[in-house]
Asks: 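Structure in structure tokens, see below.
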Amino acid sequence: RVQQFTVPASATGGVQLDAIYTFDPVASSQALLTLNSSPSGLTVEADGQSCTTPCSVVRALGATVRITAPPSQTSGPDTAYQFASWSDLGGADHTITLTTDTTVQANYQTEYRLSALVSPSSAAANFIITPPSSNGFYAAGAPVTVTARPGAGWRFGFWSGDVSGTSQTVSP
């Protein structure tokens with residue numbers, strides 16, 4: 001609550017303000033559950049209701065809340081997030097009993113799509129990517145080696161894009 005106050009011009013011994021609170025048994029019987037994610041802005045569920053993190057729900061003290069983190073989420077065609085853990089060490093789908101205000105975080109591993117293109121023609125080369133990926137996505141920070149193998153009649157020139165150099169093999 002905001003209270004306007006003007007210091008009197010005639011105050012000689014200082015001014016004292018006391019804020020008096022009264023106990024509210026209704027407010028104290030509630031608990032706040034805050035759901036976060038890393039990275040922020042992902043979707044989780046509380047009691048079957050989707051929410052974009054950070055989000056909060058209020059329940060009675062002692063109530064249970066079922067929280068669910070989807071196994072994977074995407075952000076556009078080239079970024080994916082794989083569920084890793086909740087900060088309370090519960091499974092992807094578990095129940096929390098609210099005994100006090102509680103904050104939990106769904107931790108996700110960020111993955112990026114790796115694409116390698118050949119110019120001027122797809123017949124000019126093929127790629128060997130190690131380790132292989134079933135969907136073309138790799139965890140952020142994961143070491144990946146890409147080797148360009150020229151097709152018949154073609155010679156490797158150079159890399160461009162997010163890598164550079166003249167070696168046929170690039171790796172971290």
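Heavy atoms only: backbone and side chains are in, while hydrogens, waters and symmetry mates are out. Since the model is a prediction, treat every value here as computed from it, not as a measurement.
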Asks: Please check: side-chain N/O of T166 versus main-chain N/O of F158, any donor-acceptor pairing under 3.5 Å?
Replies: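 Checking the backbone N and O of F158 against the side chain of T166, no donor-acceptor pair under 3.5 Å is found.
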
Asks: Can L61 be reached from V58 by stepping across I, L, V, M, F, W or Y side chains whose heavy atoms are under 4.5 Å apart?
Replies: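 Different hydrophobic clusters.
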
Asks: Quick test of your reading: applying salt bridge (charged side-chain N to carboxylate O under 4.0 Å, His left out), list the pairs with at least one residue in residues 66-86, sequence neighbours left out, ordered by first then second residue.
Replies: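 Matches after skipping sequence neighbours: R66-D93, D78-R113.
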
Asks: CH2/W159 to OG/S167 distance, rounded to the nearest 0.5 angstrom?
Replies: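 Atom-to-atom, W159:CH2 and S167:OG are 9.0 Å apart.
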
Asks: Provide the closest heavy-atom pair for S133 versus G136 in the form atom of the first, atom of the second, distance.
Replies: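 That closest heavy-atom pairing would be OG-N, 2.9 Å.
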
Asks: Consider only side-chain heavy atoms of I, L, V, M, F, W and Y, link residues closer than 4.5 Å, and tell whether Y112 and V146 are in one cluster.
Replies: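 Different hydrophobic clusters.
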
Asks: To the nearest 0.5 Å, what is the distance between OG (S85) and CG (N107)?
Replies: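 Here the interatomic distance stands at 4.0 Å.
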
Asks: Let me check something: do V144 and F137 share a hydrophobic cluster, defined by ILVMFWY side-chain heavy atoms less than 4.5 Å apart, either directly or through other members?
Replies: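 No, no single cluster joins them.
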
Asks: Can you tell which of I129, V170, T169 makes a side chain to side chain contact (heavy atoms under 4.5 Å, CB included) with T145?
Replies: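 With T145 as partner, I129, V170, T169 yield a single side chain to side chain contact (heavy atoms under 4.5 Å, CB included), made by T169.
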
Asks: Of all heavy-atom pairs between P143 and P131, which one has the smallest distance, and what is that distance?
Replies: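 That closest heavy-atom pairing would be O-CD, 3.7 Å.
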
Asks: Check for a donor-acceptor pair, side chain of S87 on one end and backbone N or O of Q105 on the other, with a separation under 3.5 Å.
Replies: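 Yes, because the side chain of S87 sits within donor-acceptor range (under 3.5 Å) of the backbone of Q105.
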
Asks: Can you tell me how far CD of Q168 sits from CD1 of I128, rounded to the nearest 0.5 angstrom?
Replies: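 Here the rounded value is 10.0 Å.
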
Asks: Surrounding CZ of F127 (heavy atoms of other residues, nucleotides or ligands, distance under 6.0 Å), is the total greater than 12?
Replies: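 Check passes, neighbour count above 12.
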
Asks: Tell me who clusters with Y108, hydrophobic residues only, linked when side chains sit under 4.5 Å apart either directly or through other members.
Replies: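 So far as hydrophobic clustering goes, Y108 is joined with L33, L35, L42, V44, V57, V65, I67, Y81, F83, W86, I96, L98, V104.
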
Asks: Just grab all the side chain to side chain donor-acceptor pair (under 3.5 Å) pairs involving residues 38-49, residues at least two apart or on different chains.
Replies: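 Qualifying pairs, neighbours excluded: D47-R59.
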
Asks: For residues 154-168, which residue pairs qualify under salt bridge (charged side-chain N to carboxylate O under 4.0 Å, His left out), counting only residues two or more places apart or in two chains?
Replies: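 Matches after skipping sequence neighbours: none remain.
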
Asks: Kindly determine whether T79 and T110 satisfy side chain to side chain contact (heavy atoms under 4.5 Å, CB included), including the steps that lead there.
Replies: CA-CA 7 Å; T79 305; T110 303; 4.1 Å; yes

Asks: Test: side chain to side chain donor-acceptor pair (under 3.5 Å). Region: residues 95-104. Which pairs qualify, not counting sequence neighbours?
Replies: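 Qualifying pairs: none.
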
Asks: I'd like to check the salt bridge (Lys or Arg N to Asp or Glu O under 4.0 Å) partners of D88; sequence neighbours left out, ordered by chain and number.
Replies: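 Partners of D88 under the salt bridge (Lys or Arg N to Asp or Glu O under 4.0 Å) test: none.
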
